[in-house]
Amino acid sequence: LELGRLDEAGPLLEQSVELGREALGSEHPELANMLSSFGELLHLRGNSEAAESAYRESLAIRRKAFGDDHITIANSFNVLAFLLVDEERFAEAEPLYQQSLEMRRRLYGPRRVEVTFALNGLARLYLRTQRPLEAEALLRESLSIFDETHPTHWRRGYAECLLGAALTMQVRYDEADPHLVEGLSIVRKARGDGDSFSREVFQYAIDLYDAWGKPDQATPFRALLQSQ
């Protein structure tokens, strides 16, 4: 799933969930991991209802196995919140991201790359709810952590694109452009043009160049979206 290989992952994940239930039982933590991965696949395929069901079952298993203060709970909060943002259920998603971020900072330490997953997700929610200043602060923290720990990770490129979108919303086009250019290059190289993350950042580029009065620079990205 990190590489966007949905066709390859689908049958394997579905089979692993079925076999896991039979072999491990319905409350085993490893089944929770399988359900979380399967939920991500379903989400990427556009089956949000089934994805949410898988995520919530995974969360329930983890809570029973580990209690509420465990890093796997933060992981469940993060993936469920990402889906809820896509569903525009922002009031449900925001406290999950905030709890995930608090737990990650406390359990991993504030400068670990795992913290960036919650920072990026919460910033994405802030962009969707027209709060670009709050998003910018989180994304600059995220990029600082990436620079220290994983400077070549594709999620660093994604954070660059989110920051570009936050700056676009603040009419800071000259600042937004280099972040989007760099981020787009990283995301496209890692994920390919047909991936959902790539499609999302193409839209950020379109938004920038349309708002900036440079529609010719938006044209290639619009064509990429229309070809999917």
Side-chain angles (χ1 to χ4, degrees), residues 40 43-44 48 51-52 55 73-106 108 110-148 153-184 186-187 191 195-214 218 221-222 225:
E40 184 180 356
H43 183 194
L44 290 171
S48 296
E52 182 176 351
Y55 285 153
I73 304 300
N75 294 341
S76 283
F77 285 163
N78 229 66
V79 293
L80 179 57
F82 192 91
L83 180 148
L84 293 171
V85 168
D86 282 350
E87 293 282 289
E88 299 186 354
R89 294 158 62 184
F90 304 123
E92 297 174 67
E94 186 167 354
L96 294 177
Y97 269 136
Q98 290 171 338
Q99 290 176 78
S100 175
L101 180 56
E102 185 279 327
M103 292 173 71
R104 286 166 186 267
R105 282 174 167 156
R106 177 166 47 83
Y108 281 123
R111 304 298 294 176
R112 288 283 297 274
V113 70
E114 291 84 359
V115 174
T116 66
F117 303 158
L119 288 169
N120 289 356
L122 185 55
R124 181 173 178 263
L125 182 152
Y126 288 156
L127 290 177
R128 296 285 295 274
T129 54
Q130 304 299 307
R131 295 145 73 184
L133 283 171
E134 293 173 78
E136 180 185 354
L138 295 180
L139 291 164
R140 291 196 184 280
E141 180 183 352
S142 176
L143 287 168
S144 173
I145 295 170
F146 272 118
D147 287 343
E148 290 178 8
H153 199 288
W154 75 265
R155 288 185 183 273
R156 184 192 183 284
Y158 182 59
E160 289 275 12
C161 291
L162 291 172
L163 179 56
L167 295 169
T168 297
M169 292 176 69
Q170 298 174 62
V171 199
R172 293 159 61 186
Y173 304 137
D174 285 331
E175 296 175 67
D177 190 37
H179 288 291
L180 275 165
V181 169
E182 180 179 358
L184 277 161
I186 295 170
V187 173
R191 308 287 300 187
D195 180 75
S196 61
F197 284 97
S198 297
R199 294 194 299 271
E200 180 182 335
V201 299
F202 292 160
Q203 187 60 57
Y204 296 148
I206 292 167
D207 293 342
L208 167 64
Y209 295 127
D210 282 349
W212 204 358
K214 299 184 176 183
F221 301 107
R222 191 170 276 115
L225 284 182

query: Do NZ/NE/NH1/NH2 and the carboxylate oxygens of E200 and R191 come within less than 4.0 Å?
result: no
task: Starting at CD of E52, measure out to CG of D86 and round the result to the nearest 0.5 Å.
output: 12.0 Å
query: Distance only, no hydrogens: is a donor on one side chain within 3.5 Å (strictly under) of an acceptor on the other, for T116 and R104?
result: no
- request: Any chance you could measure E94, atom CD, to L122, atom CG, to the nearest 0.5 Å?
  value: 6.0 Å
message: Give me the atom names and distance for the closest heavy-atom approach of L84 to A93.
response: CB-CB, 3.8 Å
message: Under a 3.5 Å distance rule, please check whether E141 uses its side chain to pair with a backbone N or O of A137 as donor and acceptor.
response: no
field: Side-chain heavy-atom pair E175, Y173 within 4.5 angstrom cut-off
entry: no
- request: Check for a donor-acceptor pair, side chain of T129 on one end and backbone N or O of L125 on the other, with a separation under 3.5 Å.
  value: yes
field: Shortest non-hydrogen contact from Y97 toward A118
entry: CD2-O, 4.2 Å
- prompt: Can W212 and D174 be said to form a side chain to side chain contact (heavy atoms under 4.5 Å, CB included), step by step?
  reply: CA-CA 9 Å; W212 204 358; D174 285 331; 2.9 Å; yes
query: What closest approach, in Å, do A166 and L127 show between heavy atoms, and which atom pair accounts for it?
result: CA-CD2, 3.5 Å
field: Salt bridge flag under 4.0 Å for residues R156 and E182
entry: yes
query: Minimum heavy-atom separation for V187 to Y158, with atom names?
result: CG2-N, 3.5 Å
message: side chain to side chain contact (heavy atoms under 4.5 Å, CB included) for Y204 and L180? Distances and angles first, verdict last.
response: CA-CA 8 Å; Y204 296 148; L180 275 165; 3.8 Å; yes
query: So is R155 actually on top of F146's ring, under 6.0 Å and inside 45° of the axis?
result: no
- request: Output the distance between atom CD1 (I186) and atom CD (E160), rounded to the nearest 0.5 Å.
  value: 6.5 Å
statement: Rounded to the nearest 0.5 Å, the CZ atom of F77 sits from the CD atom of E102 at a distance of 10.5 Å
task: Decide whether Y209 and R222 meet the rule of one side-chain donor and one side-chain acceptor closer than 3.5 Å.
output: no
message: Using the rule given for side chain to side chain contact (heavy atoms under 4.5 Å, CB included), can you reason through V79 versus E40, listing the C-alpha separation, both sets of side-chain angles and the distance that settles it, and then say yes or no?
response: CA-CA 8 Å; V79 293; E40 184 180 356; 5.7 Å; no
- prompt: Taking N78 for the side chain and F117 for the main chain, is one N or O donor matched with an acceptor at less than 3.5 Å?
  reply: yes
task: Nearest 0.5 Å please: distance from the CZ atom of R140 over to the CG atom of L163.
output: 5.0 Å
query: Any side-chain heavy atom of V115 within less than 4.5 Å of one from P110?
result: no
- request: Work out which heavy atom in R112 is nearest to a heavy atom in I145; give both atom names and the distance.
  value: O-CG2, 3.5 Å
- request: Can you label the angle between the F82 ring and the H43 ring as parallel, tilted or perpendicular, going by 30° and 60°?
  value: perpendicular
query: Between atom CG of L101 and atom CD of E114, what is the distance when rounded to the nearest 0.5 Å?
result: 13.0 Å
message: If you compare all heavy atoms of L83 against all heavy atoms of A51, which two are closest, and at what distance to 0.1 Å?
response: CD1-CB, 3.4 Å
task: Let me see the working for V113 and Y108 under side chain to side chain contact (heavy atoms under 4.5 Å, CB included), right down to the final yes or no.
output: CA-CA 9 Å; V113 70; Y108 281 123; over 6 Å; no
